[in-house]
Amino acid sequence: MKIAIIGAGAMGCLYGAYLSRHHDVYMIDALASQVQAIQDNGITIEETDGTIAKFTQVQACLSGQSQEPVDIAIVFVKSTYTEQALAQNRRLFKDSTLVMTLQNGAGNDRKIAQYVKPNNVIIGTSKHNAVNLGNGKIKHAGRGATDIGSNHDANHIIAVAADLLTEAGFEVAVADDIQRIIWSKLLVNLSVNTFTAITQTPIGYMIKNDDAWDFAKRLVYEAIEVAEADGTYFDRREALNMVREVCQTAGAGYSSMYQDRKNRVKMEIDAINGAIVEQAKQYGVPTPYNTLIVALIHAIEGAYDLYD
Ligand SMILES: NC(=O)C1=CN([C@@H]2O[C@H](COP(=O)(O)OP(=O)(O)OC[C@H]3O[C@@H](n4cnc5c(N)ncnc54)[C@H](OP(=O)(O)O)[C@@H]3O)[C@@H](O)[C@H]2O)C=CC1
Ligand SMILES: CC(C)(CO)C(=O)C(=O)O
């Protein structure tokens with residue numbers, strides 16, 4: 001199969017490299033140096049046990065330059081760039097192209113559905129953690145399931161995607177209730193990503209400090225109120241356990257939002273905590289903690305150019 005990975009950063013390199021064992025993979029990115037490095041040397045993955053794997057069969061090209069339609073595209077740009085990346089790469093999509101988003105944040109599937117048939121959109125989340133080391137190199141710092149599903153009656157295309165990912169070595173779970181999966185991942189990201197970005201700590205620290213864990217609980221409980229107003233119910237203890245488990249399994253890794261702050265680029269806050277705040281308004285649910293975090297993260301972005 002011909003597969004395009006739109007966004008050849010940390011996660012794109014992980015999924016693209018593994019998929020390239022059996023398929024033709026085209027890594028698409030906006031950064032010329034990243035594209036050149038992948039063209040010259042392929043993708044290098046440092047696994048948690050210290051082993052290094054090289055994937056040289058991948059191809060790479062700059063966003064918008066490939067005109068050849070693909071069978072499957074996986075979107076792995078930050079939510080902030082979804083619209084731009086889809087518009088630039090719309091020629092990759094033919095009638096039958098399946099487009100899968102494994103990005104964090106709410107609303108990416110709706111943006112994709114403006115370019116392909118809604119039944120061809122696969123929504124998912126990934127419990128893997130990857131850290132971008134630059135020049136086509138990543139550290140694979142945490143493993144876990146890839147949950148996929150659809151908002152439509154799309155069993156056939158979900159099965160195709162599940163087989164593809166399983167064959168590449170990913171653990172795949174097909175979700176009957178994709179809304180629950182999206183909300184679950186939001187609960188992880190709205191606490192883990194923001195805490196690690198603000199404190200610049202590895203993922204595991206949040207469960208090692210009582211004040212840090214209290215921060216997480218307040219954000220998670222508040223978001224659960226919004227999820228429930230929207231029709232998705234959570235057992236609070238189970239929800240916290242799910243967040244705790246991510247902090248354990250990816251404990252030595254660094255969240256994508258941590259990496260964004262470190263690289264002084266825009267963080268995905270509007271599609272994560274910001275999406276909760278916006279949805280809460282619809283239901284009249286108060287969200288003072290999440291509102292505060294959105295403002296704090298934007299204030300941190302505002303200071304990028306002010307200090308060394
Ligand atoms: N890292 C992780 O552990 C996890 C991340 N995620 C989610 O996966 C998604 C990707 O994250 P991650 O891999 O960390 O992000 P990265 O920033 O490492 O990678 C995103 C890549 O997309 C590129 N890009 C930006 N705009 C475009 C465009 N118009 N066309 C093509 N490529 C473009 C970026 O280039 P440039 O550098 O020039 O901007 C960058 O190389 C996010 O939604 C994130 O939240 C989910 C689970 C875990
Ligand atoms: C917290 C983590 C690693 C969970 O998979 C994640 O989604 C991210 O870094 O954005």
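What you see is a predicted model, and the numbers here were worked out from it, not measured in a lab. Both ligands and their constituent atoms are indexed starting at 1 by order of listing.
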**Asked** Do any nitrogen or oxygen atoms of K78 come within less than 3.5 Å of a nitrogen or oxygen of ligand 1?
**Response** yes
**Asked** Taking both backbone and side-chain atoms of A10, is any N or O found less than 3.5 Å from an N or O belonging to ligand 1?
**Response** yes
**Asked** Hey, is K185 touching ligand 1 through its side chain, its backbone, both or neither, going by heavy atoms under 4.0 Å?
**Response** side chain
Contacts under 3.5 angstrom, residues 104-112 side chains, donor-acceptor by atom type, not counting sequence neighbours:
| from | atom 1 | to | atom 2 | distance (Å) |
| --- | --- | --- | --- | --- |
| N104 | OD1 | K185 | NZ | 2.8 |
| N108 | OD1 | T82 | OG1 | 2.7 |
| N108 | ND2 | S79 | OG | 3.2 |
| N108 | ND2 | N104 | O | 3.3 |
| D109 | OD2 | N151 | ND2 | 3.3 |

**Message:** For Y254 and Q200: C-alpha separation, side-chain torsions, deciding distance, then whether side-chain contact (heavy atoms from CB on, under 4.5 Å) applies.
**Reply:** CA-CA 9 Å; Y254 292 94; Q200 289 287 277; over 6 Å; no
**Request:** Say whether Y258 and N193, considering side chains only, have a donor N or O and an acceptor N or O under 3.5 Å apart.
**Result:** no
**atom 38 (O) of ligand 1 touched by protein (heavy atom, under 4.0 Å)** = yes
**Asked** Between CD1 of I45 and NE2 of H140, what distance do you get to the nearest 0.5 Å?
**Response** 7.5 Å
**Asked** What residue and heavy atom of the protein are closest to atom 33 (C) of ligand 1, and at what distance?
**Response** V77 CG1, 3.4 Å
**Message:** Quick check on contacts: which atoms of ligand 1 are under 4.0 angstrom from a heavy atom of N129?
**Reply:** 2 (C), 3 (O)
**Request:** Could you name the protein residues that come within less than 4.0 Å of ligand 2, counting only heavy atoms, and order them by chain and residue number?
**Result:** N104, S126, K127, H128, N129, K185, N189, V192, N193, I203, V246, S255, S256
**Message:** I'd like to know whether OH of Y289 has more than 12 heavy-atom contacts from other residues, nucleotides or ligands below 6.0 angstrom.
**Reply:** no
**Message:** Counting only heavy atoms not in Q179 (residues, nucleotides, ligands), do more than 12 fall under 6.0 Å from its CD?
**Reply:** yes
**Asked** Side chain, backbone, both or neither: which part of K127 has a heavy atom under 4.0 Å from ligand 1?
**Response** neither
**Message:** Quick test of your reading of the model: are E46 and K139 salt-bridged, counting only N-O distances below 4.0 Å?
**Reply:** yes
**Contacting atoms of ligand 1, where contact means under 4.0 angstrom from a heavy atom of N104** = 6 (N), 7 (C), 43 (O), 44 (C), 45 (O), 46 (C), 47 (C)
**Asked** Which residue holds the protein heavy atom closest to atom 13 (O) of ligand 1, what is that atom called, and what is the gap in Å?
**Response** M11 N, 2.8 Å
**Item:** Region of N132 that comes within reach of ligand 1 [heavy atoms, distance under 4.0 Å]
**Value:** side chain
**Request:** Could you tell me whether some N/O pair between I6 and ligand 1 is separated by less than 3.5 angstrom?
**Result:** no
**Shortest protein heavy-atom distance from atom 43 (O) of ligand 1, along with the residue and atom involved** = E268 OE2, 2.7 Å
**Item:** Shortest protein contact, atom 1 (N) of ligand 1 (heavy atom only)
**Value:** A130 O, 3.1 Å
**Message:** With a heavy-atom distance limit of 4.0 Å, tell me whether S63 approaches ligand 1 through its side chain, its backbone, both, or neither.
**Reply:** side chain
**Message:** Can you tell me which portion of M257 lies within the under-4.0 Å heavy-atom range of ligand 1? Options are side chain, backbone, both, or neither.
**Reply:** neither
**Message:** If you define the side chain from C-beta out and look only at heavy atoms, does anything of V75 sit under 4.5 Å from L86?
**Reply:** yes
**Asked** Which protein non-hydrogen atom lies closest to atom 40 (C) of ligand 1, naming both residue and atom, and how far is it?
**Response** D29 OD1, 3.5 Å
**Request:** Looking only at protein heavy atoms, identify the closest one to atom 8 (O) of ligand 1 and say how far it is in Å.
**Result:** F76 CD2, 3.7 Å
**Request:** Ignoring angles and geometry beyond distance, decide whether Q103 reaches within less than 3.5 Å of ligand 1 through its nitrogen or oxygen atoms.
**Result:** no
**Message:** Between F170 and Y15 (judged by ring centroids, cut-off 6.0 Å), do the two rings come close enough to count as a pair?
**Reply:** yes
**Asked** Does a sphere of radius 6.0 Å around OH in Y205 hold more than 12 heavy atoms from other residues, nucleotides or ligands, not counting ones at 6.0 Å or beyond?
**Response** no
**Message:** Only heavy atoms of H128, strictly under 4.0 Å: list the atoms of ligand 1 that pass.
**Reply:** 3 (O), 47 (C), 48 (C)
**Request:** Answer yes when D305 and R264 have at least one side-chain N-carboxylate O distance shorter than 4.0 Å, and no when they do not.
**Result:** no
**Request:** Can you sort out which atoms of ligand 1 are near S126, meaning under 4.0 Å from one of its heavy atoms?
**Result:** 47 (C)
**Item:** Pairing of E228 and R236 as salt bridge, 4.0 angstrom limit
**Value:** yes
**Message:** So if I count the atoms of ligand 1 from 1 in the order they appear, which ones are less than 4.0 Å from some heavy atom of Q88?
**Reply:** 28 (C), 29 (N), 30 (N)
**Request:** Of the side chain and backbone of Y81, name the one, both, or neither that has a heavy atom under 4.0 Å from an atom of ligand 1.
**Result:** side chain
**Request:** Starting from atom 22 (O) of ligand 1, locate the nearest protein heavy atom and write down its residue, its atom name and how far away it is, to 0.1 Å.
**Result:** G7 CA, 3.4 Å
**Prompt:** Of all residues at least two apart in sequence or in a different chain, which pass the side chain to side chain contact (heavy atoms under 4.5 Å, CB included) check with K117?
**Reply:** N120
**Asked** With a cut-off of 6.0 Å (strictly less than), are more than 12 heavy atoms of other residues, nucleotides or ligands near CG of D235?
**Response** yes
**Request:** For the residue pair E245 and N241, confirm or rule out a side-chain donor-acceptor distance under 3.5 Å.
**Result:** no
**Asked** Looking at ligand 1, does any of its N/O atoms fall within less than 3.5 Å of an N/O of D260?
**Response** no
**Complete:** Rounded to the nearest 0.5 angstrom, the CG-NZ distance for L92 and K2 is 9.5 Å
**Prompt:** What protein heavy atom sits nearest atom 14 (O) of ligand 1, and how far off is it?
**Reply:** S256 CB, 3.7 Å
**Prompt:** Is the shortest N/O to N/O distance between G12 and ligand 1 below 3.5 Å?
**Reply:** no
**Asked** Considering residues at least two apart in sequence or located in another chain, which fulfil the salt bridge (Lys or Arg N to Asp or Glu O under 4.0 Å) criterion with K208?
**Response** none
**Request:** To the nearest 0.5 Å, tell me how far M267 CE sits from E301 CD.
**Result:** 4.5 Å
**Electrostatic pair D260:K266 at N-O distance under 4.0 angstrom** = no
